[in-house]
Amino acid sequence: NALLSSYSNAASSGHAGARSLIGEAYEKGELGLEIDLDVALTLFQEAVEGGDDFAKRRLGFAYERGNFCLLTDEDEAQKWLQKAVAGGDVKAQLQLAEAYEGGELGLGTDENEALKRFQKAAEGGDAPKGAWRAPRARGQDQVPWSRASCAERARDQAGRSKQVKR
């Protein structure tokens with residue numbers, strides 16, 4: 001895959017955004033890659049170290065929703081979303097607006113702060129037209145994980161660990 005090769009070359013040269021793109025491909029099974037959530041998470045963490053705002057947002061989402069089989073952690077979710085917003089990530093801004101609107105992530109309900117952030121997200125141009133007025137659809141992840149799949153992965157890893165020790 002030429003696109004994957006291009007991303008890989010850029011990632012090898014230290015481009016944090018390329019690491020995020022490859023991480024997303026592993027997360028969703030794109031660009032000819034098999035889904036591998038462990039590799040995806042590692043790539044997002046490396047991209048964060050390189051300053052990539054998309055990766056910061058992805059980690060914020062992961063901690064909010066328990067993606068990548070991480071335990072949910074509102075403080076970590078809020079921290080990474082705030083860092084992504086500070087870097088100009090409009091979708092993270094939208095996520096924080098929704099958190100203020102719904103009293104999520106330990107922020108408490110604050111309609112004024114929510115409105116301010118919804119407007120900033122809409123002005124940023126990345127949010128769909130009028131998104132600052134639309135409620136978020138709950139529980140609709142775009143990637144194939146669940147608590148059951150996390151438990152299954154943990155059992156598989158434990159089984160591989162035992163096989164190696166023999």
Side-chain angles (χ1 to χ4, degrees), residues 3-4 6-7 10-11 13-31 33 35-37 39-147 149-150:
L3 189 56
L4 178 59
S6 176
Y7 290 163
S13 298
H15 192 278
R19 288 185 190 277
S20 284
L21 292 170
I22 297 170
E24 186 175 32
Y26 272 109
E27 178 185 18
K28 296 179 180 179
E30 297 173 341
L31 301 177
L33 297 172
I35 291 173
D36 189 327
L37 300 179
V39 171
L41 179 59
T42 298
L43 287 165
F44 284 132
Q45 290 168 330
E46 290 173 357
V48 161
E49 291 172 13
D52 186 68
D53 294 316
F54 172 77
K56 293 173 190 174
R57 176 170 37 96
R58 291 298 297 126
L59 284 181
F61 285 173
Y63 280 109
E64 178 188 9
R65 299 175 182 163
N67 296 354
F68 302 109
C69 300
L70 293 173
L71 295 176
T72 57
D73 185 325
E74 289 182 339
D75 292 334
E76 281 294 304
Q78 185 185 142
K79 175 181 88 174
W80 289 112
L81 290 170
Q82 293 283 9
K83 287 181 182 222
V85 167
D89 190 292
V90 176
K91 290 180 182 177
Q93 183 77 266
L94 184 60
Q95 185 70 14
L96 284 174
E98 292 169 345
Y100 277 109
E101 179 183 51
E104 300 167 352
L105 299 179
L107 294 172
T109 302
D110 185 334
E111 292 180 10
N112 291 329
E113 184 67 19
L115 180 59
K116 182 174 84 173
R117 289 181 180 270
F118 279 129
Q119 289 171 331
K120 282 184 180 181
E123 291 165 5
D126 198 18
K129 187 175 182 178
W132 60 274
R133 294 184 183 168
R136 172 176 46 164
R138 303 276 182 215
Q140 295 182 2
D141 286 323
Q142 297 177 348
V143 293
W145 56 62
S146 66
R147 292 285 166 230
S149 68
C150 289

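All values below come from the heavy atoms of this structure, side chains included, with hydrogens, waters and symmetry mates left out.
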Check: Phe61 and Leu81 side chains under 4.5 Å, non-hydrogen atoms: yes

Minimal non-hydrogen separation, Val39 against Asp36, with atom names: N-OD1, 3.1 Å

Close side-chain approach of Tyr63 and Lys79, heavy atoms under 4.5 Å: no

Thr42, Leu43, Leu37, Ile35 screened by side-chain contact (heavy atoms from CB on, under 4.5 Å) with Tyr26, the one that passes: Leu43

Closest non-hydrogen atom pair, Arg57 against Ala84: N-CB, 3.8 Å

Side chain to side chain, Leu94 and Phe118, heavy atoms closer than 4.5 Å: yes

With sequence neighbours excluded, residues passing side chain to side chain donor-acceptor pair (under 3.5 Å) with Glu113: Lys116, Arg117

Side-chain (Glu64) to main-chain (Ala77) donor-acceptor, under 3.5 angstrom: no

Non-hydrogen atoms of Ala47 and Ser20 that approach each other most closely: CB-OG, 3.3 Å

Heavy-atom closest contact (Lys56 atom, Trp80 atom, distance): O-CB, 3.3 Å

Non-hydrogen side-chain atoms of Leu59 and Leu41 separated by less than 4.5 Å: yes

Qualifying residues under side chain to side chain donor-acceptor pair (under 3.5 Å), relative to Glu46, sequence neighbours excluded: Arg19

